[in-house]
Amino acid sequence: MADRSHIVKSYEQELGQLRSMMSQMGGIVENQVALALSAIADRNEEAADAAARQDPDVDGLERDVESLAIRLLALRSPMASDLREIVAALKITGDLERIGDYASSIARRSLRIRGSDGQISLSGLRSMGRLVQDNLRRSIDAITQQDSNRAMEVWHADRAVDEYYTALFRELVTYMMEDPRNIRACTELLFIAKNLERIGDHATNIAERVFYAVTGDNLPAVRPRGGPAAAENAAEPADR
């Protein structure tokens with residue numbers, strides 16, 4: 001009986017370690033996004049550099065989470081909600097890693113738009129950034145708290161992110177049409193806006209995975225969409 005108790009305790013400890021690493025990974029990625037947004041809003045080169053420097057930490061935690069999750073699946077034979085949580089963790093790490101990559105890209109591109117001071121308004125981009133940052137924070141809270149209601153909030157908020165992106169796309173294209181000298185800066189801003197939209201998509205992915213892990217149910221396959229954004233996807237830039 002004592003041996004059985006030890007096994008159960010060890011299993012619970014490993015699950016707790018998995019949750020802790022996921023929370024740590026989420027915290028780093030959330031900080032990367034905050035630094036990237038600061039790099040845009042404040043023309044902060046140090047923030048841009050700091051966002052990029054955190055990439056190896058995120059990558060290392062992704063590997064650690066995957067290794068532990070695979071160990072738990074192989075050796076513990078988890079059932080029901082534990083199985084869903086562990087499988088979700090394997091997928092969520094991929095979403096978090098991509099968010100970190102997009103944050104680093106935003107940070108780098110923010111350093112290339114300095115020549116646009118006073119010519120191009122960044123208020124819409126800042127507002128979109130705040131919304132995406134809030135959705136990411138709530139999705140990470142949903143992970144750490146295993147909160148399906150918080151996950152549902154993020155899922156519904158995806159529409160607003162799409163609407164911001166559509167408005168920004170049109171605004172930046174207008175700036176380019178009005179003055180060709182704006183083309184280079186606006187192109188960088190289009191990439192930044194698209195990266196923010198993708199961060200929002202990955203935050204929604206995380207919310208969907210948490211919802212399933214907690215409830216055993218899937219959210220609808222078709223997400224709420226923001227107006228005509230989907231119709232413009234063919235003209236959207238894709239980050240490289």
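Thr144 places none of its side-chain heavy atoms less than 4.5 Å from the side chain of Met22. Tyr164 places a side-chain heavy atom less than 4.5 Å from the side chain of Ser127.
Sequence neighbours left out, the pairs with a member in residues 59-73 that pass side-chain hydrogen bond (donor to acceptor under 3.5 Å, both in side chains) are Glu14-Arg71. Residue pairs meeting the side-chain hydrogen bond (donor to acceptor under 3.5 Å, both in side chains) criterion with at least one member in residues 205-221, sequence neighbours excluded, are Asp95-Asn205, Asp95-Arg209, Trp155-Glu208, Asn205-Arg223, Glu208-Arg223. The side-chain hydrogen bond (donor to acceptor under 3.5 Å, both in side chains) analysis of residues 82-92, with sequence neighbours excluded, yields the pairs Tyr11-Asp82, Arg19-Glu85. Legend: salt bridge (Lys or Arg N to Asp or Glu O under 4.0 Å) pairs involving residues 133-153, not counting sequence neighbours, sorted by first then second residue: Asp134-Arg137, Asp134-Arg138, Arg137-Asp141, Arg138-Glu153, Asp141-Arg150, Arg150-Glu153. For residues 20-40, there are no salt bridge (Lys or Arg N to Asp or Glu O under 4.0 Å) pairs, not counting sequence neighbours.
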- Going through the distances and angles, do Asp55 and Gln32 end up as a side chain to side chain contact (heavy atoms under 4.5 Å, CB included)? CA-CA 9 Å; Asp55 261 345; Gln32 279 185 288; 3.1 Å; yes

- Message: Under the criterion side chain to side chain contact (heavy atoms under 4.5 Å, CB included), I'd like the reasoning laid out for Met79 against Leu83: C-alpha separation, chi angles, the key distance, then a yes or no.
- Response: CA-CA 5 Å; Met79 301 292 288; Leu83 176 60; 5.7 Å; no

- Message: Would His202 and Tyr102 count as a side chain to side chain contact (heavy atoms under 4.5 Å, CB included) here? Give the steps.
- Response: CA-CA 10 Å; His202 282 287; Tyr102 287 131; 3.7 Å; yes

- Start with the C-alpha distance between Met176 and Leu190, add both sets of side-chain angles, then the distance that settles side chain to side chain contact (heavy atoms under 4.5 Å, CB included), and finish with yes or no. CA-CA 11 Å; Met176 288 190 281; Leu190 281 170; 3.6 Å; yes

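Side-chain contact annotation: Gln24 with Asp57, donor-acceptor N/O pair under 3.5 Å absent. Using a 3.5 Å distance cut-off with no hydrogens or angles, the side chains of Arg76 and Ser10 do pair a donor with an acceptor.
Cluster membership check: Phe211 does not share its hydrophobic cluster with Val161, using side-chain heavy-atom separations under 4.5 Å among Ile, Leu, Val, Met, Phe, Trp and Tyr. Using a 4.5 Å cut-off between side-chain heavy atoms of Ile, Leu, Val, Met, Phe, Trp and Tyr, with links allowed through other members, Leu35 and Met128 fall into different hydrophobic clusters. One hydrophobic cluster, built from ILVMFWY side chains closer than 4.5 Å, cannot hold both Val154 and Ile199; they sit in different ones.
At distances below 3.5 Å, at least one donor-acceptor pair connects side-chain atoms of Ser104 with backbone N or O atoms of Gly100. No donor-acceptor pair under 3.5 Å is formed between the side chain of Ser20 and the backbone N or O of Gly16. At least one donor-acceptor pair under 3.5 Å links the side chain of Asn182 to the backbone N or O of Tyr175. Without hydrogens or angle criteria, Ser110 side chain to Ala107 main chain gives a donor-acceptor distance under 3.5 Å.
The two atoms that bring Val214 and Ser148 nearest to each other are CG1-CB, 4.1 Å, heavy atoms only.
Note that CG of Leu189 and CD1 of Ile120 are 5.5 Å apart. Values are rounded to the nearest 0.5 Å.
Within a 6.0 Å radius of CZ in Arg126, more than 12 heavy atoms belonging to other residues, nucleotides or ligands are found.
For Asp179, the salt bridge (charged side-chain N to carboxylate O under 4.0 Å, His left out) partners two or more places apart in sequence, or in a different chain, are Arg181.
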